[in-house]
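Lettering follows sequence order; numbering is per chain, from 1.
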Amino acid sequence: MILKLAIRNLFRNRRRTLLNILIISGGFLAVVIFQGFAANILDSTRWGAVNSQYGHIQIAAKKLWEKQSEDSFSDQQIKDPKPLQRKVAEISGVKSVSSRQTFYGLISNGDRSVAAQIVGFEPDIERGILEPEDVIAGEPFRTAGGGSSNIFRVAIGEGLAKIIDAKPGQNLTIIGQTADGGINAVDAEIVTTFRTVIQEIDDTTVFIPIELAGRLLDTDTAERLIVKLEAHEMVDRVLSEIKPLVGPEVRARSWLEVARLFNQTEEFFASQNAVVATIIFTLIFLSTVSTVSMSVAERTGEIGTLRAIGRSRSEIMTMFVAEGILLGLVGSFCGVILSYASASGISHSGMTIVIPGASMPIPIVIMFVLSAYVTALLATAVACVLATVVAVRKALKMKIVDALKYNI
Amino acid sequence: MDNVVVEIKNLSKLYRLGKNDVYALQGIDLKIHRGEFVALAGESGSGKTTLLNLIGCLDEPTDGNLQVLGQNVSTAGEKELAALRASKLGFVFQNFNLVPVLSAIENVEYSLIASAITDSERITRSRAALDRVGLGDRVSHRPDELSGGQRQRVAIARAIVHRPVLIIADEPTAALDKKNASAILQLLQELRKELEVTVVLASHDPLVLSQADRVVQLSDGVVIRDEKQGAT
């Protein structure tokens with residue numbers, strides 16, 4: 001009987017109920033789309049961060065992690081990295097282990113010189129750093145199995161190349177400081193000009209083979225080892241297996257510990273999602289308070305009658321709460337359909353967005369986030385029930401004789 | 001004493017209107033016995049509806065003692081009074097006060113919803129009540145599909161379906177034409193006899209007052225006349 005009454009009461013004023021359902025489903029849609037959009041940005045960033053920047057796990061000297069200014073270059077290096085690299089590569093789930101050396105130096109093509117970040121890496125192992133689609137001029141950056149002549153090649157970022165007017169086929173001189181403090185220079189051929197999604201990298205970075213970095217810095221050490229895994233979920237397990245393999249001066253860290261920007265982005269999106277969801281559910285709450293309040297005002301006499309014939313306050317509250325829940329459920333159901341359809345439409349529309357710091361627009365994709373649907377469903381139900389309780393409480397506090405004075 | 005349904009001693013009801021205290025009822029003494037058909041009469045503002053509301057346990061007295069079916073209304077809790085209204089009292093209102101989204105039978109059923117009876121018994125009893133008031137062929141009609149007289153019959157069916165001891169009726173004929181008013185009064189009289197129920201109603205309609213076997217006349221919150229009339 002309660003459910004029957006709830007359904008029929010919702011149909012009493014169809015236009016008002018429809019408007020409330022539209023507000024609820026619209027709010028539901030906004031929350032789901034916003035969270036799906038943020039989740040996709042985060043997922044892309046996560047994938048990009050792991051693939052082209054951090055790997056899943058990084059191994060480096062303890063002093064590099066601590067970054068004390070008095071520590072020398074060699075204190076911050078992994079000495080003799082190859083045996084450790086081989087041992088880590090044998091752990092189950094490890095896809096690749098490569099070494100990296102990052103430092104700052106000067107680059108010159110004869111006419112102009114400019115400071116740049118030089119990243120020495122193993123291009124044949126760590127392919128994610130420069131994907132074929134990142135190449136805008138020249139050829140894919142590889143050392144092709146490593147003959148010594150193949151290491152004198154560099155890839156230069158688009159922005160940096162513009163500054164010194166460098167093109168593939170030209171020579172580039174790289175000047176840096178050796179491990180023991182001397183100045184050294186090497187000449188290499190520009191074989192690639194690249195454009196990643198991060199403009200800062202394109203404007204500042206030159207990629208070179210790790211062997212060339214070793215020659216320039218006059219060292220066979222590695223700044224860090226980059227470990228890539230078959231799946232994100234393996235990080236904790238592999239990390240625990242790596243820890244006994246490294247010496248006391250070396251530490252392994254998961255990418256999440258290293259990627260400050262990603263962590264900050266994730267926290268930012270979490271806060272933004274919470275703020276948006278709070279605003280939307282407050283609007284749903286207020287809209288439902290308004291709808292139920294109007295309904296209660298019209299039915300005050302009915303409330304008085306029901307109490308007169310012996311129905312308790314809690315029974316009448318249950319009747320209204322059932323209406324609120326039903327309203328929330330119908331609104332949420334419409335919201336689910338609307339959200340799913342809109343998410344598919346937007347994801348397939350080919351729309352793009354330029355995010356700050358990105359060098360090119362990225363496609364807008366609304367990811368399916370089950371937790372967003374569940375959260376929206378629960379929050380809608382809570383908002384509707386709370387709104388009903390707030391709207392009905394006053395009428396239920398009224399004396400029966402006063403409520404009966406309202407026309408039925 | 002056993003057949004006393006309502007016992008009122010020195011009953012007062014005070015309303016505070018701004019800074020002024022206004023007595024709606026003052027020093028009322030009254031006994032109503034089982035099976036009586038009592039009309040509370042008086043001009044508008046005389047206190048008859050206030051007294052009816054107190055007898056129906058819809059309001060609390062300011063002072064004095066009010067016993068309804070042995071229950072002290074002044075000291076009883078809200079739940080006890082709600083249980084008393086649900087099980088022993090039946091209400092008929094001037095404007096019928098039916099739930100507009102429920103059909104005739106559902107309106108009657110709703111009165112039994114908290115009773116410890118099965119769904120089928122609830123439906124059977126509700127149908128029987130509607131049959132008794134002459135609406136057996138209108139069970140599925142909603143209030144807006146019924147005439148005023150038919151709506152009041154549904155309200156009466158709702159009032160009798162749980163076999164009450166006392167029926168409270170506030171101006172039950174005021175919203176009806178003469179023919180329907182007369183029929184409703186006739187029905188109440190019949191039910192009073194059949195069910196041995198006590199009927200207390202408030203009215204200033206001479207037709208109603210002529211049908212009652214006892215008329216309690218109020219003026220300015222006091223009883224000025226309490227007379228039995230010839231048996232009907």
Side-chain angles (χ1 to χ4, degrees), chain A residues 1-17 291-292 294-324 326-327 330 392-408, chain B residues 13 15 24 49-54 56-60 77-103 105-115 119 122-123 126 142-144 151 155 158-162 164 168 170 175:
Chain A
M1 180 69 96
I2 294 283
L3 187 65
K4 195 191 286 181
L5 252 180
I7 293 169
R8 290 190 193 168
N9 279 323
L10 284 181
F11 276 96
R12 266 189 185 187
N13 191 325
R14 289 173 198 209
R15 188 176 294 181
R16 191 165 63 204
T17 302
T291 303
V292 180
M294 280 189 266
S295 174
V296 168
E298 288 167 5
R299 289 156 64 191
T300 305
E302 185 181 315
I303 292 171
T305 307
L306 295 178
R307 290 189 59 206
I309 65 171
R311 302 280 71 82
S312 66
R313 288 179 211 259
S314 60
E315 281 176 295
I316 297 167
M317 178 61 93
T318 305
M319 182 180 83
F320 276 97
V321 166
E323 285 174 36
L326 207 60
L327 198 63
V330 174
V392 178
R393 244 177 44 165
K394 194 179 161 193
L396 282 180
K397 276 184 182 170
M398 202 180 272
K399 281 183 170 184
I400 299 173
V401 284
D402 293 332
L404 281 170
K405 286 174 191 161
Y406 288 80
N407 205 6
I408 190 158
Chain B
K13 179 68 186 174
Y15 288 113
T49 298
T50 303
L51 182 57
L52 195 72
N53 286 338
L54 288 168
C57 307
L58 302 177
D59 203 357
E60 292 166 16
E78 190 186 303
K79 282 185 181 171
E80 288 162 303
L81 291 179
L84 180 70
R85 290 195 300 270
S87 59
K88 306 280 188 205
L89 308 189
F91 289 89
V92 180
F93 300 97
Q94 179 179 340
N95 291 313
F96 328 123
N97 291 33
L98 300 174
V99 181
V101 293
L102 296 181
S103 66
I105 192 163
E106 287 165 344
N107 263 288
V108 180
E109 271 185 69
Y110 200 59
S111 196
L112 291 173
I113 206 158
S115 307
D119 286 357
R122 193 174 69 222
I123 293 167
S126 302
R142 289 200 184 179
D144 60 1
R151 288 183 209 181
R158 179 178 68 185
I160 61 167
V161 71
H162 56 289
I168 307 288
D170 186 15

Next on the checklist: Any non-hydrogen side-chain atom of B:Y110 less than 4.5 Å from a side-chain atom of A:L306?
Outcome noted: yes

Checklist outcome for this item: Note: vs chain A, highest number of non-hydrogen pairs under 4.5 angstrom among B:T50, B:D59, B:T49 is B:D59

Item to check | From CA spacing to verdict: side-chain contact (heavy atoms from CB on, under 4.5 Å), B:R85, A:I400 | outcome: CA-CA 12 Å; B:R85 290 195 300 270; A:I400 299 173; 3.4 Å; yes

Next on the checklist: Nearest 0.5 angstrom please: B:N53 CG to A:L404 CG, how far?
Outcome noted: 7.0 Å

Item to check | Nearest heavy atoms of A:R8 and B:S103, plus distance in Å | outcome: NH1-N, 4.0 Å

Checklist entry - Is it the backbone or the side chain of B:F93 that comes under 4.5 Å from a heavy atom of chain A, or both, or neither? => result side chain

Checklist entry - With chain B, which of A:N9, A:D402, A:V401 has the greatest number of heavy-atom pairs at distances under 4.5 Å? => result A:V401

Checklist entry - Relative to chain A, which of B:E106, B:E109, B:E60 shows the most heavy atom pairs under 4.5 Å? => result B:E106

Checklist entry - Where on B:L102 is there a heavy atom nearer than 4.5 Å to chain A: the side chain, the backbone, both, or neither? => result both

Checklist entry - Heavy atoms, side chains only, cut-off 4.5 Å: are B:R158 and A:T305 in contact? => result yes

Checklist entry - With a 4.5 angstrom heavy-atom cut-off, which part of B:E78 approaches chain A: side chain, backbone, both or neither? => result side chain

Checklist entry - What heavy-atom pair brings B:A86 and A:G310 nearest, and what distance separates the two atoms? => result CB-CA, 3.8 Å

Checklist entry - With side chains defined as the heavy atoms from C-beta onward, is the minimum distance between A:I309 and B:N97 less than 4.5 Å? => result no

Checklist entry - Do other residues, nucleotides or ligands put more than 12 heavy atoms under 6.0 Å from A:R16 CZ? => result yes

